[in-house]
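Presented below is the structure to which this report refers.
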Amino acid sequence: MTRSGHRASLAGRVLLAGEAAGSALVLEAPLSLWGGMDPRTGRISDHHHPQLGATITGKILVMPSGRGSSSSSSVLAEAIRLGTAPLAILLAEPDEILVLGALVAEYLYERTCPILALPEGARGAIATGDHVAVSGDGTVTVTRHLG
């Protein structure tokens, strides 16, 4: 990780390539999309999740990992189709189920949701509201939100 003023650069491991930029939403806990996120609204619907009610639509979603069900892949693909998915997903631990959902959506709907695994300890470099840019080579640029 390199840092310059209010900007940091991270080298993520590309799980599914693509480019995206937007405001970060950092989740405190893993999220299962199956039963945990409403694909019609993009809202977290898991009543046990600390960020119940938060909207992932149009955000750079940062979370420790996915959680649970293999059906999360179909929920992510449907959210991508409906335009309610995050712009990109940044994970502390790789999640093949999420990658599968994004791959299926890319194939069927020609819409991309990049997914990257962040280097160990890098998740703390991103806070909710920070501007995050993801490039196809795995570079993640974080501009600190000062508000």
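Worth knowing before you read on, the calculation uses all heavy atoms, side chains too, and leaves out hydrogens, waters and symmetry mates.
Tracing side-chain contacts under 4.5 Å through hydrophobic residues (I, L, V, M, F, W, Y), one never reaches Val99 starting from Leu118; they form parts of separate clusters. Both Ile80 and Leu15 are part of a single hydrophobic cluster, where members link through side-chain heavy atoms under 4.5 Å apart. Following chains of ILVMFWY side-chain contacts shorter than 4.5 Å, one cannot reach Leu87 starting from Met63, and the two form parts of different hydrophobic clusters.
Ser65 pairs by the side chain to side chain donor-acceptor pair (under 3.5 Å) definition with nothing, not counting sequence neighbours. With sequence neighbours excluded, the residues satisfying side-chain contact (heavy atoms from CB on, under 4.5 Å) with Ser70 are Ile97. Scored by the salt bridge (charged side-chain N to carboxylate O under 4.0 Å, His left out) test, Asp38 finds Arg40 as partners (sequence neighbours excluded).
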task: Evaluate the side chain to side chain contact (heavy atoms under 4.5 Å, CB included) criterion for residues Leu116 and Val140: first the C-alpha distance (whole Å), next the side-chain angles of each, then the deciding distance (0.1 Å), finally the verdict.
output: CA-CA 9 Å; Leu116 280 71; Val140 177; 3.7 Å; yes
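Closest heavy-atom contact between Cys113 and Ala102: O-CB, 3.8 Å. Pairing each heavy atom of Gly42 with each of Thr57, the nearest pair is CA-OG1, 3.4 Å. Closest approach of Leu82 to Arg111, counting heavy atoms only: N-NH1, 4.1 Å. The nearest pair of heavy atoms linking Arg67 to Pro30 is NH1-O, 3.5 Å. Minimum heavy-atom separation, Ala20 to Pro114: CB-CG, 4.3 Å. The heavy-atom pair separating Ala24 from Val132 by the smallest distance is CB-CG2, 3.8 Å.
Panel note: side chain Arg81, backbone Tyr109; no donor-acceptor pair is recorded below 3.5 Å. The main-chain N or O of Pro39 is found under 3.5 Å from a side-chain atom of Thr84 such that the two form a donor-acceptor pair. In this structure, His49 contributes its side chain and Gly36 its backbone to no donor-acceptor pair below 3.5 Å. When atom types are taken as modelled, the side chain of Arg43 and the backbone of Ala54 share no donor-acceptor pair closer than 3.5 angstrom. With hydrogens and angles ignored, the 3.5 Å screen pairs a side-chain donor or acceptor of Gln51 with a backbone N or O of Glu28. Of the possible donor and acceptor atoms, none in the side chain of Ser73 sits under 3.5 Å from a partner among the backbone N and O of Gly101.
How far OG1 of Thr143 is from NE2 of His6: 10.5 Å, rounded to the nearest 0.5 Å. Atom CD1 in Ile126 sits 8.5 Å away from atom CZ in Arg144 (nearest 0.5 Å). The line from OG1 of Thr141 to CG of Leu10 is 8.0 Å long, rounded to the nearest 0.5 Å. In this structure, CG on Leu61 lies 8.0 Å from CG on Leu33, to the nearest 0.5 angstrom. With rounding to the nearest 0.5 Å, the separation of CD in Glu96 from CG in Leu103 is 11.5 Å.
With Ile89 as the fixed residue, the side-chain contact (heavy atoms from CB on, under 4.5 Å) test singles out one of Leu16, Ile115, Asp95: Ile115.
In this structure, Asp46 and Leu52 have side chains that are not in contact, with every pair of non-hydrogen atoms separated by 4.5 Å or more. Looking at Val62 and Leu27, their side chains never come closer than 4.5 Å, going by heavy atoms from C-beta outward. Contact of the Ile56 side chain with the Ile44 side chain is registered, since non-hydrogen atoms from C-beta on lie closer than 4.5 Å. Within the 4.5 Å cutoff, no side-chain heavy atoms of Leu91 are placed close to those of Pro64. Contact of the Val14 side chain with the Asp137 side chain is not registered, since no non-hydrogen atoms from C-beta on lie closer than 4.5 Å. In this structure, the side chains of Val134 and Glu19 stay at 4.5 Å or more apart for every pair of heavy atoms. Between Arg7 and Asp130, the closest side-chain pair of non-hydrogen atoms is not below 4.5 Å. Looking only at side-chain heavy atoms (C-beta outward), Leu90 and Ile60 come within less than 4.5 Å of each other.
A donor-acceptor pair shorter than 3.5 Å can be found between the side chains of Thr112 and Glu106.
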